[in-house]
Amino acid sequence: MTDFKPKSDFLKTLIERGYIHQCSDYEGLDALAAKGEVTAYVGYDCTARSLHVGSLISIMMLSWLQKTGNKPIALMGGGTTRVGDPSGRDETRRILTIEDINANKEGIQGVFDKIIQFGPGKSDAVMVDNAEWLTTLNYIEMLRDVGRHFSVNRMMSMDSVRMRLEREQELSFIEFNYMILQAYDFTELSRRYGCNLQMGGSDQWGNIVNGIDLGRRMGTQQLYALTCPLLTTASGAKMGKTASGAVWLNADMLTAYDYWQFWRNTEDADVGKFLKLFTFLPMEEIRRLEALAGAEINEAKKVLATEATALMHGRTAAEAAAETARTTFSGGTATALPSVEVTKGELEAGLGVLAAFVKAGLVPSNGEARRQVQSGGLRVNDAVVTDPAQILKPADAINDGAIKLSFGKKKHVLLRPA
């Protein structure tokens with residue numbers, strides 16, 4: 001890619017912003033994109049009620065595809081979720097009921113409307129579900145028409161299979177078939193929608209190339225593959241994972257304030273990279289922000305947090321989260337902080353401070369809370385907790401009728417009497 005000079009705005013943007021890990025044919029894809037003739041899809045299995053921030057990079061790629069005059073497809077994996085993608089896993093995914101899959105699909109669909117425009121126009125996005133064709137397949141016909149094009153020898157060499165076998169972890173036959181179904185999705189989308197590009201994370205490269213090969217064997221147009229890097233932070237942590245779990249995109253699973261805080265806590269070395277990948281700010285502004293050094297880098301982190309939060313939660317919620325953080329960190333109390341209800345009876349009876357921090361979700365256990373007390377990491381109403389036997393009473397509810405619990409400098413929860 002070092003010598004490749006793209007002509008299309010699509011590849012120029014993706015290369016400049018750091019989205020590309022691998023591409024099957026830069027020249028061929030670039031020529032199509034320059035004419036606005038790329039129709040690309042990314043698949044999202046419905047394994048949870050919300051996508052997490054690790055999925056956001058591919059959604060942003062679909063958005064840039066559309067912004068440069070090409071057509072995105074958001075593929076819901078209503079069919080493939082029933083099988084389970086073995087990539088990157090050491091154990092079989094839990095088999096979900098049809099009702100669970102449909103509920104999860106409904107939960108994640110709303111994310112796309114915030115970033116991509118759907119409609120009947122040439123570059124308007126479409127959303128489809130692979131259950132539409134996968135659940136109607138006849139098994140014998142599938143083996144004859146599709147399965148015959150796959151070499152078991154090659155399938156055994158795929159990373160998702162090979163790594164499980166090398167670790168002596170069980171790989172079910174249903175998971176072994178996942179790559180066939182994903183390849184068939186590409187062929188089917190090409191036939192139905194003229195789709196000629198599949199995008200995804202770098203761990204999907206083998207599956208996507210399988211789709212290109214299957215399309216060639218089954219007579220589709222030329223198909224292309226484009227993958228983005230699987231992001232880790234500068235310290236090596238997996239992007240989108242925190243000590244308290246996944247960073248969800250849906251507001252009912254993670255508040256705007258907590259989402260803002262996730263981005264605000266970005267490591268210094270990642271600020272420029274994340275501004276390019278997770279905001280629509282122009283490159284000139286990003287270059288200015290990533291050039292900041294010392295304490296000024298915190299201003300760039302606040303811009304990143306507000307812009308990224310505005311995409312998922314709206315500008316008003318993002319700015320409110322920023323103001324809540326400003327008020328909280330300047331020593332005040334902000335009513336927009338995340339809150340957890342506690343009954344008046346619990347407070348009147350006396351609520352142990354360790355249990356209170358566990359109830360607020362700031363620490364996972366009483367033992368961890370006790371360790372944090374010993375290191376001075378917990379505060380009640382901005383006062384450091386020194387006694388692990390401290391009892392919280394109704395009189396402690398002084399901040400707008402709530403008790404402010406703090407873990408470190410950046411995690412705060414209001415304990416509100418119900």
Take Leu62 and Met199, measure what side chain to side chain contact (heavy atoms under 4.5 Å, CB included) needs, and give me the verdict at the end. CA-CA 9 Å; Leu62 288 175; Met199 301 190 293; 3.6 Å; yes

Tell me, with the steps shown, if Arg192 and Glu188 meet salt bridge (charged side-chain N to carboxylate O under 4.0 Å, His left out). CA-CA 6 Å; Arg192 294 182 180 219; Glu188 196 66 25; 2.8 Å; yes

Mind running side chain to side chain donor-acceptor pair (under 3.5 Å) on His412 and Ser406 for me, showing each step along the way? CA-CA 4 Å; His412 310 271; Ser406 304; 2.8 Å; yes

Take Asn130 and Tyr41, measure what side chain to side chain donor-acceptor pair (under 3.5 Å) needs, and give me the verdict at the end. CA-CA 12 Å; Asn130 60 19; Tyr41 91 93; over 6 Å; no

Give the intermediate values and the outcome of side chain to side chain contact (heavy atoms under 4.5 Å, CB included) for residues Leu189 and Trp133. CA-CA 10 Å; Leu189 287 169; Trp133 53 84; 3.7 Å; yes

Stepwise side chain to side chain contact (heavy atoms under 4.5 Å, CB included) test for Ile20 and Tyr26: CA-CA 11 Å; Ile20 299 179; Tyr26 283 103; 3.4 Å; yes

Begin from the C-alpha positions of Thr306 and Trp260 and carry the test side chain to side chain donor-acceptor pair (under 3.5 Å) through to its verdict. CA-CA 6 Å; Thr306 300; Trp260 191 94; 3.0 Å; yes

Are Arg326 and Glu323 close enough, and set up right, to give a salt bridge (charged side-chain N to carboxylate O under 4.0 Å, His left out), and what steps lead you there? CA-CA 5 Å; Arg326 187 195 66 78; Glu323 176 60 18; 2.6 Å; yes

Would you please test Gln198 and Gln204 for side chain to side chain donor-acceptor pair (under 3.5 Å) and show each step? CA-CA 10 Å; Gln198 182 181 356; Gln204 294 297 315; 5.5 Å; no

Taking only distance into account, with no hydrogens and no angle test, what donor-acceptor pairs under 3.5 Å do side-chain atoms of residues 366-373 form with protein atoms, sequence neighbours excluded?
residue	atom	partner	partner atom	Å
Glu368	OE1	Arg371	NE	3.2
Glu368	OE1	Arg371	NH2	3.1
Glu368	OE2	Gln372	NE2	2.8

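Closest of all the heavy-atom pairs between Leu65 and Thr68 is O-OG1, 3.0 Å. Heavy atoms only, all atoms of each residue included: Arg216 and Asp213 are closest at NH2-OD1, 2.6 Å. For the residue pair Cys228 and His21, the shortest heavy atom distance occurs at C-CB, 3.6 Å.
In this structure, Asp30 contributes its side chain and Ser8 its backbone to a donor-acceptor pair below 3.5 Å. Listed for the Thr220 side chain is no donor-acceptor partner under 3.5 Å among the backbone atoms of Ser190. Using modelled atom types, one side-chain atom of Thr309 and one backbone atom of Ala305 make a donor-acceptor pair closer than 3.5 Å. A donor-acceptor pair under 3.5 Å links the side-chain atoms of Asp25 to the main chain of Gly28, judged by distance alone.
Counting only N and O atoms by type, the side chains of Thr39 and Asn196 include no donor and acceptor under 3.5 Å apart. If you check the side chains of Tyr178 and Asp45, you find a donor sitting under 3.5 Å from an acceptor. For the 3.5 Å distance criterion, the side chains of Trp248 and Tyr259 fail to qualify, holding no donor opposite an acceptor.
The pair Asp124-Lys71 fails the salt-bridge criterion, with no side-chain N (NZ, NE, NH1 or NH2) lying under 4.0 Å from an Asp/Glu carboxylate O. At a threshold of 4.0 Å, the pair Glu307-Arg315 counts as salt-bridged, since one of the basic side-chain nitrogens sits closer than that to a carboxylate oxygen. Salt-bridge check for Lys12 with Glu16: failed, with every basic side-chain N at 4.0 Å or more from each acidic carboxylate O. Using a cut-off of 4.0 Å between Lys/Arg side-chain N and Asp/Glu carboxylate O, Asp9 and Lys67 are scored as not salt-bridged. Taking the charged nitrogens against the carboxylate oxygens, Asp252 and Arg49 do have a contact shorter than 4.0 Å, which makes a salt bridge.
A 4.5 Å side-chain heavy-atom check between Ile57 and Leu231 finds at least one atom pair inside the cut-off.
Phe112 meets the ring pair (Phe, Tyr, Trp, His ring centres under 6.0 Å) test with Tyr44; sequence neighbours excluded.
Note: Phe278 and Trp263 have tilted aromatic rings, judged against thresholds of 30 and 60 degrees for the angle between ring planes.
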